[in-house]
Amino acid sequence: VSCSQSKTAVVEASIEGADSKNIIVSQLSVNQLRFVDSVKTDSKGKMTAKITMTDESPNFYYLSYNGRRLVSMVLKPGDKVKVVADTVGRNVTVEGSEESALMQKYDLDLAKAIVEFDAESDIANKSRYYVKYKQNMIKSIMQNPYSIANVQALYQFLAPGLPVFADENDRFMFQRVHDSLQTIYPTSVYVKSLQEEIKAVENRKTLEGQFANAAETSFPNISLPDVNAKNVDLASLEGKPFVLMFWTITDARQKMFNND
C-alpha cells in the first residue's frame, strides 16, 4: 500500500546526540500541540516515524527532544521526508518537502532575528529592526503565496508581547494569506482558523466605529439615597463630578468599598 493511499507521511530522521533516545512527534491543532507519538532512535540516533493523517490538507508537525523543539515540518499524505538535526535544533536540514523547507527557513530567520533584536539596546534601532524584519516577512509571504507555512509566519513573535503582525492594517495580510490558501486547501483547519481571526478583527473594528460615532446621551433621571440615606436626584448633579456605585451585601469586598 502506498503512503498516499493510506494517508500516511513518513519521516526518516537522523539526530546527532540523541542515540537511543525518545523523540516526541506532535501536531499543531490550531492553537495547541497534540501528542502524536514517541519514537525511540537507534544507537546511531536514527528513527522512522509513520504519521497517519485524517485529511488531505497539510498539517504542522514537530520533532522534540527533552522538551526542546528540534524540527518543524509541514506534512501531507504521501510525503516522505528526510531530516538531519542535532539535539539543540541548530543544524537542521529537511528534504522531501518544500513546505517543510520553507517552514524551517522561517524558524531559522526568526531565531536569528530574536537574538539580534534582544541584543539591541537602543529603542530607535529596535524599532527600525522590527520594521525591517516585518518587511522581509511580508516579502517572503508574497513570494510564496500558496504555502501553508505562511499561517505560522503570521503568528510570529519578535519578543514576548511583541507579535510581528499586530497592526490593525495587518488584517489585509491575514486576508491575503487566507484567500490564497482557500483555493487549494478549503478544508484545512488552519485556513478556517484564519477566517475566524479575520472576522474577529472586523467585528472589533465595527464595534469601535459604533462607539466612536455613537451619539452622546445623558443618564436617566433617577432618585437614589446617598451615604447619609438622603434621596438625591441624578439630574441635580448634572455638570458636577460624582461616583455612582452599585453594590451587593452578599459580596464582602463590595461591603468594604461601601464602608469607605
Side-chain angles (χ1 to χ4, degrees), residues 3 6-55 57-119 133 137 140 144 147-164 188-190 193:
C3 290
S6 61
K7 290 190 176 181
T8 300
V10 178
V11 178
E12 296 179 351
S14 177
I15 304 175
E16 182 182 355
D19 305 346
S20 302
K21 303 295 184 181
N22 287 322
I23 303 299
I24 302 300
V25 182
S26 56
Q27 177 194 1
L28 178 64
S29 180
V30 183
N31 58 1
Q32 62 182 359
L33 287 179
R34 181 179 67 86
F35 173 84
V36 175
D37 199 1
S38 177
V39 183
K40 190 171 185 178
T41 61
D42 62 17
S43 59
K44 295 182 180 180
K46 298 183 184 241
M47 55 159 279
T48 298
K50 294 182 179 180
I51 304 171
T52 301
M53 311 182 78
T54 57
D55 58 57
S57 300
N59 282 268
F60 294 101
Y61 288 88
Y62 308 96
L63 299 183
S64 303
Y65 168 68
N66 202 25
R68 178 190 294 272
R69 182 181 299 175
L70 305 181
V71 184
S72 301
M73 302 173 292
V74 181
L75 303 177
K76 60 182 181 298
D79 278 350
K80 189 172 183 179
V81 177
K82 292 186 177 181
V83 173
V84 177
D86 55 28
T87 55
V88 292
R90 292 179 180 171
N91 300 312
V92 179
T93 59
V94 182
E95 298 179 353
S97 168
E98 292 184 3
E99 288 274 22
S100 294
L102 180 60
M103 185 69 195
Q104 194 60 40
K105 178 183 181 303
Y106 284 168
D107 281 355
L108 291 175
D109 289 347
L110 178 61
K112 179 182 177 183
I114 289 175
V115 172
E116 294 179 354
F117 182 81
D118 187 59
Y133 179 77
M137 284 307 306
S140 294
N144 301 277
S147 172
I148 205 153
N150 291 335
V151 174
Q152 280 214 28
L154 291 174
Y155 292 96
Q156 289 184 344
F157 279 76
L158 203 52
L162 182 62
V164 176
S188 170
V189 294
Y190 309 117
S193 178

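- Applying the side-chain hydrogen bond (donor to acceptor under 3.5 Å, both in side chains) test to S57 and every residue at least two apart in sequence or in another chain returns T187.
- Evaluation of the side-chain hydrogen bond (donor to acceptor under 3.5 Å, both in side chains) rule for E12 yields no partner, not counting sequence neighbours.
- The side-chain hydrogen bond (donor to acceptor under 3.5 Å, both in side chains) check on S147 picks up E99, with sequence neighbours excluded.
- With sequence neighbours left out, the side-chain contact (heavy atoms from CB on, under 4.5 Å) criterion links I114 to L110, L158.
- Residues satisfying the side-chain hydrogen bond (donor to acceptor under 3.5 Å, both in side chains) test with S26, not counting sequence neighbours, are none.
- In this structure K105 satisfies the salt bridge (charged side-chain N to carboxylate O under 4.0 Å, His left out) test together with D109, sequence neighbours excluded.
- More than 12 non-hydrogen atoms from other residues, nucleotides or ligands lie less than 6.0 angstrom from CD of E116.
- Among residues at least two apart or in separate chains, side chain to side chain donor-acceptor pair (under 3.5 Å) pairs with a member in residues 31-47 are Q27-R34.
- Among residues two or more places apart in sequence or in another chain, the ring pair (Phe, Tyr, Trp, His ring centres under 6.0 Å) test is passed with F157 by none.
- For A101, there are no side-chain contact (heavy atoms from CB on, under 4.5 Å) partners at least two apart in sequence or on another chain.
- Legend: residues meeting side-chain contact (heavy atoms from CB on, under 4.5 Å) with A111, ordered by chain and number and at least two apart, are absent.
- For A85, the side-chain contact (heavy atoms from CB on, under 4.5 Å) partners at least two apart in sequence or on another chain are V71, V83, V92.
- Between atom CG of residue N59 and atom CG of residue L28 there is a gap of 8.5 Å, rounded to the nearest 0.5 Å.
- Identified under the ring-ring contact (aromatic ring centres under 6.0 Å, His included) test for residues 59-94, with sequence neighbours left out: F60-Y190.
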